[in-house]
Enquirer: 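I'd like to ask some things about the structure below.
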Number of protein chains: 2
Amino acid sequence: MSSEKMDRRKKYTRMVLKESLMKILKVKPISSITVKEICEVADINRSTYYSHFQDQYDLLKQIEDEFIEDMNITLHSYDNNKDEEALQMIEQILLYVSKNRDMCETLFSDHGDISFKNRIMTVAYNHSVKNWVSESNIHKDVSKYGSLFAISGCISVIESWLSNGMDKPPKEMANIIFNLTKNGIDSFSE
Amino acid sequence: MSSEKMDRRKKYTRMVLKESLMKILKVKPISSITVKEICEVADINRSTYYSHFQDQYDLLKQIEDEFIEDMNITLHSYDNNKDEEALQMIEQILLYVSKNRDMCETLFSDHGDISFKNRIMTVAYNHSVKNWVSESNIHKDVSKYGSLFAISGCISVIESWLSNGMDKPPKEMANIIFNLTKNGIDSFSE
DNA sequence: GACACCGTGTTGGATATTCAACAAACAGTT
DNA sequence: AACTGTTTGTTGAATATCCAACACGGTGTC
């Protein structure tokens with residue numbers, strides 16, 4: 001797929017607007033942020049903003065979209081059908097999160113978009129737990145609840161890990177998450 | 001004096017081109033630097049460069065000009081007619097240099113413009129030694145040599161101070177420079 | 001309700017920059 | 001001397017952004 005070359009000015013404008021919003025989101029929620037303020041921080045004209053984005057919510061959505069796309073691409077090379085590979089995938093997810101700690105903390109926070117977690121859950125589900133759960137001998141009518149349970153648990157643990165300054169290395173965290181999830185699924189096994 | 005508001009794009013373009021050249025000057029002399037390279041580092045189109053500057057030497061000269069203008073403005077509030085105030089002025093110069101250490105090191109280096117030191121000498125002369133020497137009872141036919149001697153000595157000491165990572169505080173260095181200069185001038189006194 | 005202030009969404013003309021291309025000059029190699 | 005690769009200086013059309021202005025709506029105060 002050919003990636004068309006974006007004009008430098010456009011690239012720069014979008015970059016600084018995104019950085020600006022991420023910066024402001026650290027100190028106030030999206031509902032209190034104005035387009036005027038975003039532009040002041042970015043040092044970009046307001047009419048230019050409107051030629052790129054509809055409002056502050058549109059900008060936030062595009063930041064999330066890019067983050068999720070980037071995350072998908074990064075994790076795409078890790079497919080897993082076995083327990084050991086599932087563990088590695090969780091570790092990869094944690095490594096990705098740690099590399100993008102700043103972004104993750106801000107997007108996950110109450111200042112951002114509540115539905116973002118749901119989208120992240122979907123990504124994590126598609127990259128790890130989905131295959132894993134289908135590989136397990138689990139009741140079909142319980143399978144999706146098991147997945148949701150596992151993913152929700154993972155997200156919460158990851159958030160807490162971030163808040164604690166990533167006090168444990170990704171590998172160890174992956175083991176913890178893996179064992180918590182595995183035992184939960186195994187207890188449903190026929 | 002009203003400072004006319006510069007278009008943001010222009011301001012940005014000049015800023016990143018200056019930063020780009022300063023960055024490259026750290027690793028190679030001005031004579032080996034191409035306009036093409038400056039533009040690549042700055043991520044600015046080459047034709048835009050030529051709409052702002054004639055060549056790489058022109059850009060360097062404008063960086064120096066701005067530096068000297070800024071230095072002049074900063075030191076302008078310090079006028080000195082007495083020894084104690086002369087000492088304070090030297091300290092102010094050293095404080096200014098320490099605040100702009102990175103810029104000073106690069107512009108003073110062999111990678112830059114040899115004549116830059118002469119220009120800095122002129123600034124220092126106008127802000128301190130000029131009044132100071134004229135206040136001293138020094139032979140008129142020796143006065144200008146005394147000034148040149150003092151200023152050249154100061155510049156060399158400042159360069160060495162920068163190279164040593166500013167190992168002594170500005171106040172102490174000012175005292176050293178002051179006493180070296182004073183004794184030199186006093187030895188010419190009638 | 002009137003008023004002042006702030007932010008929004010939009011507009012049109014001007015400005016600055018991008019992009020691709022070109023001819024020429026320069027430097028290094030054979 | 002010929003060749004190759006790189007950089008220079010310039011050009012013109014297209015694009016993106018800036019700037020100032022405007023009408024409108026929302027908020028808070030009196």
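These figures come from a predicted structure and were not determined experimentally. By convention in this document, chain letters (A, B, ...) are assigned in the order of the sequence lines, proteins followed by strands, and residues within each chain are numbered from 1. Excluded from the calculations below are hydrogen atoms, water molecules and symmetry mates; all remaining heavy atoms, backbone and side chain alike, are included.
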Enquirer: With a 4.0 Å cut-off, would you call A/R119 and A/D113 a salt bridge?
Expert: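 Between A/D113 and A/R119 there is no salt bridge, as every charged N stays at least 4.0 Å from the carboxylate O atoms.
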
Enquirer: Might you confirm whether atom CD of A/E69 has over 12 heavy atoms from other residues, nucleotides or ligands at distances under 6.0 Å?
Expert: no

Enquirer: Is there a side-chain contact between A/F53 and A/K61 (heavy atoms, below 4.5 Å)?
Expert: no

Enquirer: Between C1' on D/dT8 and CZ on B/F53, what's the gap in Å once rounded to a whole number?
Expert: 17 Å

Enquirer: Taking NZ, NE, NH1 and NH2 as the nitrogens, is one of them in B/E66 or B/K18 under 4.0 Å from a carboxylate oxygen of the other?
Expert: yes

Enquirer: In whole angstroms, how far is the C1' atom of D/dT17 from the CG atom of A/L17?
Expert: 12 Å

Enquirer: Does OP1 or OP2 of C/dT17 have a side-chain N or O of B/H52 closer than 4.0 Å?
Expert: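 Yes.
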
Enquirer: Does a side-chain N or O of B/Y50 approach OP1 or OP2 of D/dG9 to a distance below 4.0 Å, or not?
Expert: yes

Enquirer: Counting only side-chain heavy atoms from C-beta out, which of D/dT8, D/dT17, C/dT17 sits nearest to A/K10?
Expert: D/dT17

Enquirer: Between protein and nucleotides 18-27 of chain D, map the contacts as a letter string: B base, S sugar-phosphate only, - none, heavy atoms under 4.0 Å, written 5' to 3'.
Expert: BB--------

Enquirer: In whole angstrom, give the distance that lies between atom OH of B/Y12 and atom C1' of C/dT15.
Expert: 18 Å

Enquirer: For atom CD of B/Q54, decide whether the heavy atoms of other residues, nucleotides or ligands shown that lie under 6.0 angstrom number more than 12.
Expert: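 Not buried by this count: 12 neighbours or fewer within 6.0 Å.
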
Enquirer: How many angstroms lie between OH in B/Y57 and CD in B/E64, if you round to the nearest 0.5 Å?
Expert: 12.5 Å

Enquirer: Using heavy atoms to find the nearest nucleotide of DNA chain D for A/K11 and B/Q56 separately, return the residue whose nucleotide is more 5′.
Expert: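 First, find each residue's nearest nucleotide; the 5'-ward one identifies B/Q56.
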
Enquirer: In whole angstrom, what separates A/E37's CD from C/dG9's P?
Expert: 15 Å

